[in-house]
Every structure is written in structure tokens, then in C-alpha cells.
Asker: 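Below you'll find the structure I mean.
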Amino acid sequence: MRASKLLLATLKESPSDAEVISHKLMLRAGMIRKLASGLYTWLPLGLRVLRKVENIVREELNKTGAQEVLMPATQPSELWKESGRWEQYGPELLRLQDRHGREFCIGPTHEEVITDMVRNELRSYKQLPANFYQIQTKFRDEIRPRFGVMRSREFLMKDAYSFHIDEASLNETYQEMHTTYCQIFNRIGLDYRPVQADTGSIGGNASHEFHVLADSGEDDIAFSSDSDYAANIELAEAVTAVKARPAAKQDMKLVDTPHAKTINELVEQFSLNIENTIKTLIVHASEESEQDLIALLVRGDHELNEIKAEKLPGVASPLCFATDEEIKKAIGAGPGSLGPVNLSIPCIVDRSVAVMSDFSAGANIDDKHYFGVNWERDVAIPDIADIRNVIEGDPSPDGKGTLSIKRGIEVGHIFQLGKKYSQALNATVLDDQGKATIMTMGCYGIGVSRVVASAIEQNHDDKGIIWPDSIAPFQVVIIPMNMHKSETLKPVAEKLYDDLRSLGIDVLLDDRKERAGIMFADMELIGIPHRIVLGDRGLEKGMVEYKGRRDTDNTDVALEDITQFLKDKLV
RNA sequence: CGGGAUAUAGCGCAGCCUGGUAGCGCAUCUGGUUUGGGACCAGAGGGUCCGGUGUUCGAAUCACCGUAUCCCGACCA
């Protein structure tokens, strides 16, 4: 490609609505342009990157024997009614009607369509396992699209769906996809981690997310220092380091705490250790409970994990915090003075709370706290559960090492779906007894457009993007200095350009009539990983200059060696 | 959907408080001088000032009503 023929829409300044670095750089490098909130046009340069990611994903999936299909983005409501999701799915599902008034949606995911296809096409267990995938545009009407293509409404996704006669077969394919995902992200060159994840509303047994580590990520990931354990913080089991409750040393006493509404105020005003305080949160109880509200107790320095909490049988799902009025009515005191002693509603305590002694908590009387409280002696120990977020330094749940927490961008997610959709849509095959059997399913997603953004989050400097070789829009750029003035330089540049192209190298020739500074700055901004500069001075000595995008200095290379030099670099 | 903010040339912004018919930098076009790190000089083009209504002799500017976008939160296969 010649730069003079390429839409190089670079900007010196980034548009004011861009927040994260990848969004800014994609706009500045002329890779994308916004059409409306959460909707982006991929310009030629950006599309080249997107296609490269897509091809890596395709190649690796094809290796596993998965078969590519392409399903419509527009889906009839009937299928969604059959699975029950027409009602379940909220406003994130974009619904529309055709000219006959028939209802459709723009697919946020394709379980229904693929299950429909498979129930029509597959008849026998002998055709299983089968794995179908597509790379296709999804639409999710996000409440708040943000960060450019990182969380857009329309985005490119690879979604795969596997079908099995039993759980064992599903497990096998699931493991294979896990390995394949690792290969894909390795090939792209991302720093990522597979982590255990919540199965969420999709349901099913096992689930892993693949997270690219970056500060701009929207998820917290907990890792073990000494093992492979990694989990989304939503799921990571909180283990307390303290095994047994220390013996009581203090007497329980009622203290006036009129100006201490929050844990921090309490700790500050009474010189308490925050690890000896208890936070009492009141939420709605589940419908089968006798009372309307239930109290959840975590240590003062801990945070409630809402996903864990709403899975408890006594707690309403989705989690709903009680209002101040509801609390006052049920307990007689307002938030800020609540605790387990003389509490009129049921109560669940976190594991770490259960091993506390001589602790401080609200007295369920406005502006009063009890200090020196001890379980059993002062108040019966209630139900114990894991209801908090893990924190830095917690023991790893697998018993090896301690946890640290980093931010991650979710670029892939694999699920063991089970029979959720095959059951609803009655997708059966005949088993070896000739009996109709509901198939077991897995599903596997990669956010292709999100991968592009996350690669930038991990690979950039103050000059711009630094693409990994595998997904760079061009692998090499040739910058001839003053090509339009020099008689000797132009044929050399053209020949090198042709030679590299004939080797199958993706090369950009910057043949624009621009000054050196502009060419350098543009090529660095758009992140071409390898640069060759041709100048009259060097050519007189038969030398050209090479510079990797991360290098600080040029390397002089003899002109006759440069193709081999590059071939070695591009292995 | 709750809270906060913004909307003026392709991009970044000023002007608004104190009403008088729109400006700066970058980008674009022309000519010239330059040419190894986002050049300089001279000239040119480009605006429903988000939309509507109102106040006024007169509205980018004041008032009201919309719309869009961004940030924080809740939400998120």
C-alpha cells in the first residue's frame, strides 16, 4: 500500500469526548470515527487491524474443527419467545417491527438461532460433538456506551456454540476451547489471564473469562501469588486468615456515638481499629422469608459482594437495599447505628465477621454503638456465609499464596451452557438406543473489536500506538527522505517496496510529499512496528536505517541485507 | 433511569457574565521560500452559533421547552 493512496486521517488533537487512551489513539490515528453514541465506522486503517484479529481467531478455531457459519443479525421474536428471553431480556434488546407488523430483534447473541439451526439439521448422536461459530455484528443497547469500541452498542463478536450428547463430551470441547482461546490471545500478543467467572443470567456449570490486564479495565480480577488461581472478584471466594475466634477480653458497653454515622467517623472519633468494626447492611429478604428485610454483616474495612449475597436463599434476587424509612420502621434505628445485638430481623454474617471478638457495632438505638461485643456471650452467632469481596492480601482459596487484585478488560468468555436452550427449543438427536435426547451445549465468545482496543491499552507510548506484529495494519513502513527530489533514491525505494511485497510482507510505502517530521510522527501514531528510512546520505554508503517502534535508536543495515534482516525480525 | 456538564468551521477552543450581526490555533486550497522530527511568509475558502418558542429595535449572548453528546452511578450474554 502506498501512503499517498491511503486515507490517513490522523489528528493532532484528540476529540474532547474520548476518555481512555485506546479511544483517543484510535480517533487520532484515523482508525475509527463515531457515527452516533456507541456506533463507529471503521476507517481503512482500523479495518485492517480488525480483519487481522478476525483472521487469527478464524484460523485457530478452524484448527479445532469448528465450522464457520453466518447467521442473520435480525432475528424473529418467535424464537426468543420460545426460549423465554423475549420477556426476560430487558431494554438492552433492540426490538423492531417489519412492514407487516411482525416483531424482530437485532441479535445481542445467537443461542436461539443456532439452536434452531441445529435442531433442524442434526439427527443423530453420531453427528456430535459439533461446534459452529460465526464472526458477526452484534447489537446491545447498552445503557451507557463508552470508551469507543471498548463498550459500543454495535460491535464485532466471534460467537461459537457446541453441541454434545453428554456432559463429558461438553467438558472435552470446553477444555479444547479454553486452550484455543489461550493460543489466540498468545498469537495476538496480549498480556491476559483466564479467570473463573460467574455464570450470570446465562446459567450453566462452568465459566471462564479471558481478561486483558489494563488499568482502564472495568472488572476486578483476583490472582494468587503462588498458583494459577485467578477469578473475577464477583466470584472469588473470600477465605479468612484467622482460623479460630480469639477469646473475649473486653466487657460489652453501650457508648454514645452521636456524630459517628459512618464506619470511618466511628474509627476516627473513638480511635478504633477498623478491622474490629462491623458494617450492617439491610437488604430485602427473599419472598419465602417471614420478614421483609434481612441484615448482612461485613467487617468495617470489607465490601459486600452483591453477586454472592443475592445467591443466598434468604436474600431477594436481584439485590435490593432497604430504604432509610424501611430500616427505621423494622428496626427502630436509622442506618449508621445498626448492629447484631438486639436485632429484630434475621441476619447473615460474613465468614470474617464470625471470627471477630471484642468488636464494635451499632446498638440499633440511634446514635449509640456497643463496643467490646463478643459472639455467643453477648449475641448468638447467626448464619455464616461468604458475602464479601476479596481484598489484596487475602489467602488464595486454593490454599496457595495470597491474592492480589488487578483491573481487567473482558475479551473472551466461555460457558458450559448445559441444556438451557436445547431444552427450551427441544433440540434433540437420537442416541445409541434410538431415543430422542436433548443436546448439551457450550458457548464461547470473543469480543473482536474489543480486542483491538485492549491491544492499544496495553501497547502505546506518548507518540501513539505500538501494534503487536500480529495485528499491525502494516508490518513495515518505508520512509524515503525527499524521494520526490532525489533521482537515485526513488528507484531504490520502489524496488525495496516491491521486494518486501513479493515476500508477502504487509508494507506501507510513505510516498507522500511530506516533510520528514510529519511522516515520522504519523507512522509512530498509527503504530507501524518496523520502520525503514532511506536517505541519500546513507545510500551513498549502501546503508539504510532500521528502527523498531519500541527502539530508542536507529540501526544501520546494508541495503542488500535489509530484506533478510526484516524477515528475521518478523518471524 | 438518578446526579453533573457540554453543544460556536473537519478537530481543539474563545466570545455569552455586561445583547449591536462571529473569532483564534490546527487542518484544507493557491503562490513562494524551506525540507532527517508535526516549518515559514503571503493570500483564499469554509458557520442554519444543536433545534424550537419567547423577550427585544436588535439574540451565539437573556428566558422557557426540546434534542444530542460526554462524565459519575445503577445496569451489563
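Lettering follows sequence order; numbering is per chain, from 1. Just so you know, these numbers use all the heavy atoms, side chains as well, and skip hydrogens, waters and symmetry mates.
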Asker: Could you tell me how far apart A:Lys485 (NZ) and B:U35 (P) are, to the nearest whole angstrom?
Answerer: 8 Å
Asker: Please name the nucleotide paired to B:G66 by Watson-Crick or G-U wobble geometry with both distances under 3.5 Å, or report none.
Answerer: B:C50
Asker: Given atom NZ of A:Lys12 and atom P of B:U28, what is their separation to the nearest angstrom?
Answerer: 9 Å
Asker: Ignoring backbone atoms, establish whether A:Ser37 has a side-chain N or O less than 4.0 Å from OP1 or OP2 of B:C70.
Answerer: yes
Asker: Is A:Arg28 side chain donor-acceptor paired with the B:G12 base, going by distance under 3.5 Å alone?
Answerer: no
Asker: A:Gln88 has an atom CD; how far is it from atom P of B:C75, in whole Å?
Answerer: 18 Å
Asker: Using a heavy-atom cut-off of under 4.0 Å over every strand shown, decide if A:Met157 touches base, sugar-phosphate, or nothing.
Answerer: base
Asker: What nucleotide among B:C72, B:G38, B:G36 has an atom nearest to a side-chain atom of A:Arg146?
Answerer: B:C72
Asker: Picking from A:Glu457, A:Glu19, A:Gln458, what satisfies side chain to side chain donor-acceptor pair (under 3.5 Å) with A:Ser216?
Answerer: A:Glu457
Asker: Cation-pi check for A:Tyr40 against A:Arg33: NZ or CZ below 6.0 Å from the six-membered ring centre and within 45 degrees of the axis, yes or no?
Answerer: no
Asker: When the distance from CZ of A:Phe321 to C1' of B:G2 is rounded to whole Å, what number comes out?
Answerer: 17 Å
Asker: Taking any strand in view, what nucleotide pairs with B:C1 in a Watson-Crick or G-U wobble way, both distances under 3.5 Å?
Answerer: B:G73
Asker: With a non-hydrogen cut-off below 4.0 angstrom, is A:Ala516 in contact with a base, only sugar-phosphate, or nothing?
Answerer: sugar-phosphate
Asker: Within the modelled atom types, does a donor on one side and an acceptor on the other bring the side chain of A:Asn482 and the base of B:G36 under 3.5 Å apart?
Answerer: no
Asker: On a plain distance test, is the side chain of A:Glu514 in donor-acceptor contact with the base of B:G38 below 3.5 Å?
Answerer: no
Asker: Does the base of B:G37 carry an N or O that pairs as donor and acceptor with the side chain of A:Arg515 under 3.5 Å?
Answerer: no
Asker: Identify whether any heavy atom of A:Arg531 sits under 4.0 Å from a base atom; if not, whether one sits that close to sugar-phosphate; answer base, sugar-phosphate or nothing.
Answerer: base
Asker: Is the distance between the ring centroids of A:Tyr192 and A:Phe185 less than 6.0 Å?
Answerer: yes
Asker: So what's B:C17 paired with, Watson-Crick or G-U wobble, going by both distances under 3.5 Å?
Answerer: none
Asker: Salt bridge (Lys or Arg N to Asp or Glu O under 4.0 Å) with A:Glu218: which of A:Arg144, A:Arg407, A:Arg450, A:Arg146?
Answerer: A:Arg146
Asker: Does NZ or CZ of A:Arg95 lie under 6.0 Å from the centre of the six-membered ring of A:Tyr89, at an angle within 45° of the ring axis?
Answerer: no
Asker: Kindly say whether the aromatic ring centers of A:Tyr181 and A:Tyr444 come within a distance under 6.0 Å.
Answerer: no
Asker: Give the rounded distance in Å between these two atoms: CG of A:Asp17 and P of B:C72.
Answerer: 13 Å
Asker: In the strands shown, is B:G31 matched to any nucleotide by a Watson-Crick or G-U wobble pair with both distances under 3.5 Å, and which?
Answerer: B:C41
Asker: How long is the line joining CD of A:Glu218 and C1' of B:C72, in whole Å?
Answerer: 13 Å
Asker: Write down the partner of B:C26 under the Watson-Crick or G-U wobble criteria, each distance required to be under 3.5 Å.
Answerer: B:G10
Asker: From B:C71, B:G38, B:C76, pick the nucleotide closest to the side chain of A:Ile518?
Answerer: B:G38
Asker: From A:His23 NE2 over to A:Ile21 CD1, what is the distance, rounded to the nearest 0.5 angstrom?
Answerer: 11.5 Å
Asker: Base, sugar-phosphate, or nothing for A:Pro15, non-hydrogen atoms under 4.0 angstrom?
Answerer: sugar-phosphate
Asker: Would you kindly compare A:Glu410 and A:Phe520 by the position of their nearest RNA chain B nucleotide and give the one closer to the 5′ end?
Answerer: A:Phe520
Asker: For nucleotides 43-52 of chain B, read 5' to 3', which letter fits each nucleotide if B means a protein heavy atom sits under 4.0 Å from the base, S means only the sugar-phosphate is that close, and - means neither?
Answerer: ----------
Asker: Let me know the distance between CD1 of A:Ile528 and C1' of B:G37, rounded to the nearest Å.
Answerer: 17 Å
Asker: In whole Å, I'd like the distance from the CD1 atom of A:Ile479 to the C1' atom of B:U35.
Answerer: 15 Å
Asker: I'd like to know whether the aromatic ring centres of A:His413 and A:Phe415 sit less than 6.0 Å apart in this structure.
Answerer: yes
Asker: Check this for me, if you would: do A:Lys34 and A:Asp17 make a salt bridge, where the nitrogen-to-carboxylate-oxygen distance has to be below 4.0 angstrom?
Answerer: yes
Asker: Tell whether A:Lys34 reaches the base of B:U69 with its side chain through a donor-acceptor pair below 3.5 angstrom.
Answerer: no
Asker: Would you say B:C72 has OP1 or OP2 under 4.0 Å from some side-chain N or O of A:Arg144?
Answerer: yes
Asker: Counting heavy atoms from C-beta on, name the nucleotide in B:C71, B:A74, B:G37 closest to the side chain of A:Phe147.
Answerer: B:C71
